[in-house]
Each structure stands twice: as structure tokens, then as C-alpha cells.
Colleague: 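Structure in C-alpha cells, see below.
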Amino acid sequence: MKILSDFNLNELTLELANYPKFRAKQVFDAIIQGKDYFETTLPKQMQGELKQNYLIKPLEIFKVLKSKDGTKKYLLKLYDNNLVECVFLKQDYGNTICMSTQVGCRMGCKFCASTLNGRIRDLTAGEMLSTIAVVNADNGKRTERNFTNIVLMGSGEPFDNYENVVKWLELITDKNGFNVSERNISLSTCGLVDKIYEFSKLNFNITLCISLHSTTDEVRKTIMPISNAYSIDEIVKALHHYVKENNRRVVFEYCLIKDVNNQDADIERLKKLTKGLLCHVNVICLNPNGGSLKATTRQEAIEFVNKLNSVGVSATLRRSQGSDIEGACGMLRAKTLNEKC
Ligand code: SAH
């Protein structure tokens with residue numbers, strides 16, 4: 001089965017060349033609106049023919065959890081019964097959708113629930129587009145865009161699914177579709193250095209975020225296995241290159257973990273490694289996933305950020321949303337899989 005949302009409008013027009021040209025646009029609009037065949041105005045015969053070869057809606061809402069603060073966490077069921085997560089964050093300055101790029105993840109970061117069962121498979125560009133379409137339709141008029149920002153910070157490592165993610169970036173920014181501004185998209189990576197260089201060449205105006213979470217390779221290796229492949233120095237060098245090519249500020253994500261990465265020496269090292277780099281540090285309070293890593297208090301996190309600011313490092317503490325509904329990466333999926341077992 002082919003997935004119709006994998007095609008852009010031109011490709012769809014070629015793929016559906018047996019039908020009048022306007023049908024391709026009708027199908028394309030139905031995809032953007034998160035519709036299944038029966039919800040479209042396509043002739044019944046065409047619906048029947050397409051159904052035999054193509055999925056128009058490759059996923060559906062399986063479960064939704066609503067937080068007190070308006071955050072909604074979705075568990076989406078793919079056509080092959082795999083589950084992925086997506087979070088809709090209600091915000092005054094424009095709603096944000098946080099989405100997954102893979103079913104599971106193989107990066108093995110110790111603090112992250114997405115990786116507990118490894119990587120099952122990549123999402124296609126169309127599955128990622130349909131994630132947005134389905135969640136958008138559930139949060140207002142399906143003919144309108146009910147969000148402003150998208151962050152690729154759900155399950156999966158975007159640069160481990162590089163080609164699909166690049167294709168998705170083209171689809172989601174397409175004028176015929178959601179027409180999301182590149183500036184409103186953030187891609188978070190654990191630091192696949194080769195891909196940072198490759199991605200630099202494409203000149204997308206998105207915000208590149210790096211999950212740093214440690215200031216020494218020694219500590220980083222204990223919580224992020226990817227550090228065995230790339231050192232912090234190599235990441236920082238790649239980021240300098242990225243900023244030079246794209247002239248976009250990069251963001252370091254720094255999840256504060258008690259007694260692991262919250263020392264004064266970390267402040268000094270963060271100062272050193274951010275020196276001369278157009279960047280910002282986003283400090284996050286760890287959402288403990290049941291492992292051995294412990295969170296700091298919010299007050300300690302505030303003090304950590306203040307110290308960074310006082311030594312001239314641009315840093316803020318990320319507002320925590322949806323922590324009452326398994327808001328952190330992969331937690332809802334992990335819990336649901338456990339319940340099923
Ligand atoms: N693989 C990509 C994207 C997914 S994780 C990457 O590594 O960047 C994106 C972010 O989710 C991480 O940087 C971290 O900030 C956050 N995250 C994951 N698990 C978390 C947890 N238990 N508590 C708080 N934040 C978490």
C-alpha cells in the first residue's frame with residue numbers, strides 16, 4: 001500500500017494521472033484536513049479504486065490525555081498498529097505541536113522513555129504530515145491551521161530518519177498545504193555530526209536544537225551512547241559550521257540531572273563551549289522515567305539558569321507543560337505498551 005500523504009501536489013498529480021487533474025488537489029486537501037476516504041467528496045467509484053492501492057489517512061487517534069494546563073497528549077495508531085506520540089501544547093503566542101519521527105528510538109539515552117524498546121521503524125514523510133493533519137483537525141476547524149510551531153522533539157532521532165524528515169520539511173512548508181514557516185519549526189538531534197554538516201547545505205531556516213545534557217564527554221557517555229561516536233568538541237565545531245552557513249541561532253537542550261550535570265564546573269564549561277557561537281541554552285527539568293536518574297528541584301534549576309546568565313550565557317528554563325499526563329518523550333507509549341503486555 002502506498003501512502004498518499006507521502007506525495008507532494010505535483011507528485012500526486014502524476015500518480016493520479018488517470019483522473020481529472022483537479023482530483024489530485026481534492027485528495028491533497030483531504031490529506032491536509034486529516035480526512036479518510038468516506039469524509040471526502042471524491043466520487044464513490046474513485047474512492048473504491050484508490051482504497052485498493054493507497055492509504056489516504058495512515059494513522060488515527062488511539063488515545064488522548066488532556067492536562068489541566070490544556071496540553072493534549074495523543075497516542076496515534078499507525079496503519080500497521082504501531083503507536084506513536086504527539087503533543088499539542090496550548091500557548092498564548094501560538095500553539096505548538098511536538099511530534100515523533102520514528103516508532104521508538106535506537107539512541108539509548110538513559111533519561112528518555114522513547115528508547116526503552118529500541119527503534120521499531122522510521123515514519124515516512126507522509127505519516128509525519130498526517131500526524132500534523134490529524135492533530136490539527138482535532139484542535140479546531142480542520143480547514144484552518146490551528147497551530148503555529150512544530151517541534152521535532154517527540155520519539156525518535158530525526159537525523160536517524162534523515163531523508164524522510166527532509167521530505168517532510170518540504171511537505172509541511174509547502175504553500176499548497178500547511179504552509180508552515182520554516183522559522184516556526186525546531187528540529188532536535190542528539191548530535192549526529194555527519195548529518196549536521198549534510199543538513200547545513202540545505203539552508204532550511206529552521207531552528208536546530210542539540211540535546212547536549214552534559215559538558216564533558218565522560219559524563220555524556222554515561223547517559224547518551226551517541227557520545228561514543230561523536231565528541232562534544234566535534235558537535236560544537238559542526239554547529240559553528242551550521243551557524244556560518246545558515247545564520248540561524250542554535251539551541252542547546254540541557255536536561256538538569258541531580259549530581260550528574262548540575263555542578264558549578266558545568267556552568268564554566270557551558271560558558272566555554274558556547275563562547276563565540278550564536279546560541280541559546282534551554283534548561284529543562286528532568287521528568288524522571290523510573291530509572292536511576294533524579295531531577296533537581298525547580299528552584300535549583302532556576303538558580304542554575306541564573307548562574308549561566310550571570311556569566312554571560314543566554315539561557316532560560318523551559319516551562320513545563322503536561323507533566324500530569326506523561327508529557328515527556330515516549331512516556332505514554334511506553335506505559336501503554338506495558339499495559340498491553
Ligand atoms: N532524538 C532527538 C529528539 C527527541 S528528544 C534528540 O535527542 O534531541 C528531545 C528532547 O526531549 C530532549 O533533548 C530532552 O530535552 C527531552 N526529554 C526526553 N526525555 C526527557 C525527560 N525524561 N525529561 C525531560 N525532558 C526529556
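Indexing begins at 1, ligand by ligand and atom by atom, following the structure's order.
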Colleague: With only distance considered, is Arg318 within less than 3.5 Å of ligand 1 through an N or O on each side?
Modeller: no

Colleague: What about Leu278 and Phe204, same hydrophobic cluster or not, with Ile/Leu/Val/Met/Phe/Trp/Tyr joined at side-chain heavy-atom distances under 4.5 Å?
Modeller: yes

Colleague: Atoms of ligand 1 less than 4.0 Å from Thr189 heavy atoms?
Modeller: 6 (C), 7 (O), 8 (O)

Colleague: Can you see whether Asp69 engages Ser67 through a side-chain donor-acceptor pair at a distance of less than 3.5 angstrom?
Modeller: yes

Colleague: Heavy atoms only: which of Ser188, Gly156, Gly191 is nearest to atom 1 (N) of ligand 1?
Modeller: Gly156

Colleague: Enumerate the salt bridge (charged side-chain N to carboxylate O under 4.0 Å, His left out) contacts for residues 192-201, please, sequence neighbours excluded, ordered by first and then second residue.
Modeller: Lys195-Glu198

Colleague: Is there a heavy atom in Pro288 that sits closer than 4.0 Å to ligand 1?
Modeller: no

Colleague: Given that the side chain starts at C-beta and the backbone is N, CA, C, O, which of these parts of Ser155 lies under 4.0 Å from ligand 1, counting heavy atoms, or is it both or neither?
Modeller: neither

Colleague: Give a yes-or-no answer on whether the side chains of Thr143 and Gln33 include a donor-acceptor pair shorter than 3.5 Å.
Modeller: no

Colleague: Specify side chain, backbone, both or neither for Glu253, according to which of its non-hydrogen atoms lie closer than 4.0 Å to ligand 1.
Modeller: side chain

Colleague: Heavy-atom pairs closer than 4.0 Å: do any link ligand 1 to the side chain of Met107, the backbone, both, or neither?
Modeller: neither

Colleague: Looking at ligand 1, would His213 count as a contact under a 4.0 Å heavy-atom criterion?
Modeller: yes

Colleague: Scan for salt bridge (charged side-chain N to carboxylate O under 4.0 Å, His left out) pairs involving residues 203-226, sequence neighbours excluded, and state none if there are none.
Modeller: none

Colleague: Consider ligand 1: state whether an atom of it lies below 4.0 angstrom from any non-hydrogen atom of Cys285.
Modeller: yes

